[in-house]
Amino acid sequence: QLTLVESGGGLVQPGGSLRLSCTAPAFSLNDYTIGWFRQVPGKEREEISCIAPNDHYSYYSDSVKGRFTIFRNNAENTAYLQMIGAKPEDTGVYYCAAVPRSAGIICHPTIIKIDEYEYWGQGVQVTVSS
């Protein structure tokens, strides 16, 4: 089964940094849009960032814009979400997901909906607390 594997979650102090990783053991991420999602108890899963194939386009939600950076390393077949200036409201379970290029080359929650993402990771917990 094609799935993604996330790593890098943990406890970070407010104002601190953390880097999440997402890799695909069984397929190449090169031709996929990668999305990062965050879920907190009692709320729907929220898309916070995505990057299109060939890195032509990226998206950030208002809640993370200017603090998070999404990028990928094709040689490592890994996508990353770099977090800086962590805030307590960043606490949650973070998921990466992938959807093929055929879904579109502009990744944005209004264009590629969450239920179109085909492959998901297991999620990693990020806790921002002192």
Side-chain angles (χ1 to χ4, degrees):
Q1 185 176 2
L2 300 181
T3 59
L4 305 176
V5 179
E6 299 117 337
S7 61
L11 176 65
V12 59
Q13 292 188 340
S17 301
L18 201 66
R19 179 178 292 183
L20 305 182
S21 302
C22 171
T23 190
F27 64 102
S28 172
L29 294 175
N30 291 3
D31 289 328
Y32 286 77
T33 285
I34 306 300
W36 282 97
F37 299 77
R38 178 172 66 200
Q39 189 163 28
V40 298
K43 293 189 177 181
E44 293 186 354
R45 194 170 296 185
E46 172 196 15
E47 184 171 4
I48 57 174
S49 185
C50 62
I51 188 167
N54 294 328
D55 303 349
H56 285 167
Y57 185 91
S58 61
Y59 158 84
Y60 299 94
S61 68
D62 288 343
S63 62
V64 306
K65 193 176 299 181
R67 299 186 299 117
F68 290 14
T69 302
I70 189 171
F71 61 100
R72 67 172 91 204
N73 183 320
N74 289 334
E76 297 178 350
N77 199 36
T78 302
Y80 299 93
L81 185 69
Q82 177 70 51
M83 307 165 57
I84 64 171
K87 300 178 180 181
E89 51 263 43
D90 293 326
T91 295
V93 179
Y94 285 68
Y95 298 87
C96 67
V99 58
R101 177 191 299 269
S102 57
I105 60 172
I106 301 295
C107 72
H108 190 278
T110 61
I111 297 176
I112 302 178
K113 305 298 177 64
I114 184 172
D115 56 6
E116 295 183 63
Y117 282 85
E118 298 183 13
Y119 309 111
W120 289 83
Q122 79 284 2
V124 291
Q125 175 70 43
V126 173
T127 303
V128 182
S129 175
S130 55

Heavy-atom side-chain proximity of [X] to [Y] below 4.5 angstrom:
X: I114; Y: E46; result: no
X: R45; Y: Y95; result: yes
X: Q122; Y: T3; result: no

Which heavy-atom pair separates [X] from [Y] by the least distance, and what is that distance?
X: N77; Y: A24; value: ND2-O, 2.9 Å
X: R72; Y: L29; value: NH1-O, 2.8 Å
X: T91; Y: R38; value: O-CD, 4.4 Å
X: C107; Y: S58; value: SG-CA, 4.3 Å
X: L18; Y: G10; value: CD2-N, 4.1 Å
X: W36; Y: S21; value: CH2-O, 3.7 Å

[X] with [Y], same ILVMFWY side-chain cluster at under 4.5 Å:
X: V5; Y: L20; answer: no
X: Y117; Y: I105; answer: yes
X: V126; Y: V40; answer: no
X: I112; Y: I106; answer: yes
X: V64; Y: I84; answer: no

Spatial distance of atom [atom1] ([X]) from atom [atom2] ([Y]) [nearest 0.5 Å]:
X: T69; Y: R19; atom1: OG1; atom2: CZ; value: 9.5 Å
X: R67; Y: S17; atom1: CZ; atom2: OG; value: 10.5 Å
X: T33; Y: E116; atom1: OG1; atom2: CD; value: 10.5 Å
X: E44; Y: Q39; atom1: CD; atom2: CD; value: 8.5 Å
X: L4; Y: T23; atom1: CG; atom2: OG1; value: 8.5 Å
X: I51; Y: I34; atom1: CD1; atom2: CD1; value: 8.5 Å

Quiz prompt | Parallel, tilted or perpendicular, as decided by the 30° and 60° cut-offs, for the rings of Y59 and H108 | solution =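 H108 and Y59: perpendicular rings.
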Quiz item: Relative to each other, are the rings of F37 and W120 parallel, tilted or perpendicular (30° and 60° limits)?
Solution: tilted
Quiz item: Side chain of E6, backbone of G123: donor and acceptor closer than 3.5 Å?
Solution: yes
Self-check item: Whether Y57 side chain and C50 backbone form a donor-acceptor pair below 3.5 Å
Solution: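 Absent.
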Quiz item: Do the charged groups of K65 and D62 touch, with an N to O distance under 4.0 Å?
Solution: yes
Exercise. Would you please say whether a donor-acceptor pair under 3.5 Å links the side chains of S129 and T127?
Key: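 Side-chain D/A pair, S129 to T127: absent.
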Self-check item: Proximity of F71 and Y80 rings by center, below 6.0 Å
Solution: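 Yes; Y80 has its ring centre under 6.0 Å from that of F71.
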